[in-house]
2 protein chains.
Amino acid sequence: MAAPSSTSLWPEADEEQCRQVLQILSLIGDKWTILVIGQLRDRTLRFGELHRAVTGISQRMLTRTLRQLERDGLVTRTVHASVPPRVDYTLTELGMTLLDSLTALSRWAIGHRQEIIDHRHRYDTVQPSQARS
Amino acid sequence: MAAPSSTSLWPEADEEQCRQVLQILSLIGDKWTILVIGQLRDRTLRFGELHRAVTGISQRMLTRTLRQLERDGLVTRTVHASVPPRVDYTLTELGMTLLDSLTALSRWAIGHRQEIIDHRHRYDTVQPSQARS
DNA sequence: CAGTATCCGGGCGGATACTG
DNA sequence: CAGTATCCGCCCGGATACTG
């Protein structure tokens, strides 16, 4: 029970815990999820608005991403029976708490991005540059 | 400049910021990275030890994962020129700060995992169950 | 022991065409 | 407008065999 470390990684960090974190990370670690929930963080958007807001995403991928978010309970999907159909997407409470929990990681990402890019570049130029084709 | 929200998601959260977060998330959102750095969080391990510690990982994937972590500057690789070769892997300072920044997300993951699983199950049973093969 | 080389299946994700 | 259906290339990741 004794608090294991002062810098406080997550408690225990045994394999079991790691796998649980991994499960969640896999939900949002794909190519588009973060971009989508980022757009929904403080407003409701329709399908088309999201499509325009997230540059480069295809209809297919936007649909898949939203379906998964809905399935996991992070986003609600509301269909309005109007003549041109209208579907609204909103973050749930759960989705908002996730975004909250991403704050620290986001700061880290923004703060250390350049450092990582630099390190990577150095690594690449120093290596024997085996043709990894 | 005014602080945008009291619950504090990450500041701004425009597409640019989101993409930077995504870049980092992609580094650790894959199948094995979290498990590997989780094992390294408070100790140095050799290749074989890691291989045994992370259940189910193949040699190939462990090597790839470690190479990427090394390339990004999150892990150091130390080769000891001994008769049976020995290679040690350790988290760098940068790697440790990443683990720190993962704390909130880890707590969220552990705390809401069951909730997500339940929601998912409900979604699956209610849906028309279109054969998605 | 600590890798590399090769082969391979499956799934992610893009492009395009079609629909209620 | 908000999707679905289909096709397809690419890369992730597992299995196996080989090496300094």
Side-chain angles (χ1 to χ4, degrees), chain A residues 19 22-23 25-36 39-40 44-72 75-90 123 127-133, chain B residues 19 22-23 25-36 39-40 44-72 75-90 123 127-133:
Chain A
R19 304 226 172 233
L22 173 61
Q23 270 193 19
L25 230 41
S26 302
L27 296 186
I28 58 175
D30 71 303
K31 193 169 181 182
W32 298 111
T33 300
I34 279 289
L35 276 351
V36 171
Q39 291 297 328
L40 293 175
T44 293
L45 287 177
R46 320 177 38 171
F47 185 88
E49 292 172 331
L50 268 170
H51 197 189
R52 263 167 279 125
V54 181
T55 313
I57 196 172
S58 65
Q59 265 193 350
R60 171 183 151 89
M61 275 306 111
L62 180 54
T63 303
R64 284 174 72 102
T65 303
L66 287 169
R67 286 289 175 282
Q68 226 214 316
L69 287 170
E70 190 195 357
R71 188 167 101 105
D72 293 335
V75 158
T76 57
R77 176 174 180 268
T78 312
V79 181
H80 303 270
S82 44
V83 189
R86 173 199 183 96
V87 182
D88 285 341
Y89 291 94
T90 316
Y123 182 94
Q127 289 307 307
S129 73
Q130 301 269 25
R132 309 183 190 275
S133 78
Chain B
R19 304 228 171 234
L22 173 62
Q23 271 194 18
L25 231 40
S26 302
L27 295 186
I28 58 175
D30 71 305
K31 194 170 181 182
W32 298 110
T33 301
I34 280 289
L35 276 351
V36 171
Q39 292 296 329
L40 293 175
T44 293
L45 288 177
R46 320 177 39 171
F47 185 88
E49 291 171 331
L50 268 171
H51 196 190
R52 261 165 280 127
V54 181
T55 314
I57 197 171
S58 63
Q59 265 193 350
R60 172 185 150 88
M61 275 306 112
L62 181 53
T63 303
R64 285 174 73 101
T65 302
L66 287 169
R67 285 289 175 282
Q68 226 214 313
L69 287 170
E70 190 195 357
R71 189 169 98 106
D72 293 335
V75 159
T76 56
R77 176 173 180 270
T78 312
V79 182
H80 304 269
S82 43
V83 187
R86 174 200 183 97
V87 182
D88 285 342
Y89 290 94
T90 316
Y123 183 93
Q127 289 307 304
S129 73
Q130 301 268 25
R132 308 184 192 276
S133 81

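The chains referred to below are lettered A, B, ... by the order of the sequence lines, with proteins before strands, and numbering in each begins at 1.
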Protein heavy-atom contacts under 4.0 Å, written 5' to 3' over nucleotides 14-20 of chain C as B (base), S (sugar-phosphate only) or - (none), form the string BB----B
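If you measure from atom CG of B:L62 to atom P of C:dC1, you get 14 Å, rounded to the nearest angstrom. Between the CD atom of B:E49 and the P atom of C:dG3 there is a distance of 13 Å, rounded to whole Å. Rounded to a whole Å, the CG atom of A:L66 is 16 Å from the P atom of D:dC1. Atom P of nucleotide D:dC11 and atom CD of B:Q68 are separated by 14 Å, given to the nearest angstrom. Whole-Å rounding puts the B:D30 CG to C:dG13 C1' distance at 17 Å. Atom P of nucleotide D:dA2 and atom OH of A:Y89 are separated by 8 Å, given to the nearest angstrom. In this structure, the NE2 atom of A:H51 is 12 Å from the P atom of D:dG3, given to the nearest Å.
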Chi angles and distances behind the side-chain contact (heavy atoms from CB on, under 4.5 Å) call for B:L50, B:I57
CA-CA 9 Å; B:L50 268 171; B:I57 197 171; over 6 Å; no
Could you pull out every donor-acceptor pair under 3.5 Å between side chains of residues 58-66 of chain B and any protein atom, sequence neighbours left out?
residue: B:S58; atom: OG; partner: B:M61; partner atom: N; Å: 3.3
residue: B:T63; atom: OG1; partner: B:Q59; partner atom: O; Å: 2.9
residue: B:T65; atom: OG1; partner: B:M61; partner atom: O; Å: 2.7

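Listed by chain and residue number, B:H80, B:D88 satisfy the side-chain contact (heavy atoms from CB on, under 4.5 Å) test with B:T78 (two or more places apart in sequence, or in another chain). Scanning for side-chain hydrogen bond (donor to acceptor under 3.5 Å, both in side chains) contacts around B:R77 gives B:Y89, with sequence neighbours left out. With sequence neighbours excluded, the residues forming a side-chain hydrogen bond (donor to acceptor under 3.5 Å, both in side chains) with B:T90 are B:T44, listed by chain and number. With sequence neighbours excluded, the residues forming a salt bridge (charged side-chain N to carboxylate O under 4.0 Å, His left out) with B:R19 are B:E15, listed by chain and number. In this structure B:R71 satisfies the side-chain hydrogen bond (donor to acceptor under 3.5 Å, both in side chains) test together with A:D124, sequence neighbours excluded.
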Intra- and inter-strand pairing of DNA chain D, written as dot-bracket with Watson-Crick and G-U pairs under 3.5 Å and | for the latter, reads ||||||||||||||||||||
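Between A:R64 and C:dC12 there is a side-chain polar atom (N or O) within less than 4.0 angstrom of OP1 or OP2. Residue A:R46 places at least one side-chain N or O under 4.0 Å from the OP1 or OP2 atom of D:dA2.
Of the candidate nucleotides C:dA2, C:dC12, C:dG3, C:dG3 has the atom nearest to the side chain of B:R67.
Here the side chains of A:W32 and A:L35 are in contact, with some heavy-atom distance below 4.5 Å.
Rounded to the nearest 0.5 angstrom, A:R46 CZ and A:R52 CZ are separated by 8.0 Å.
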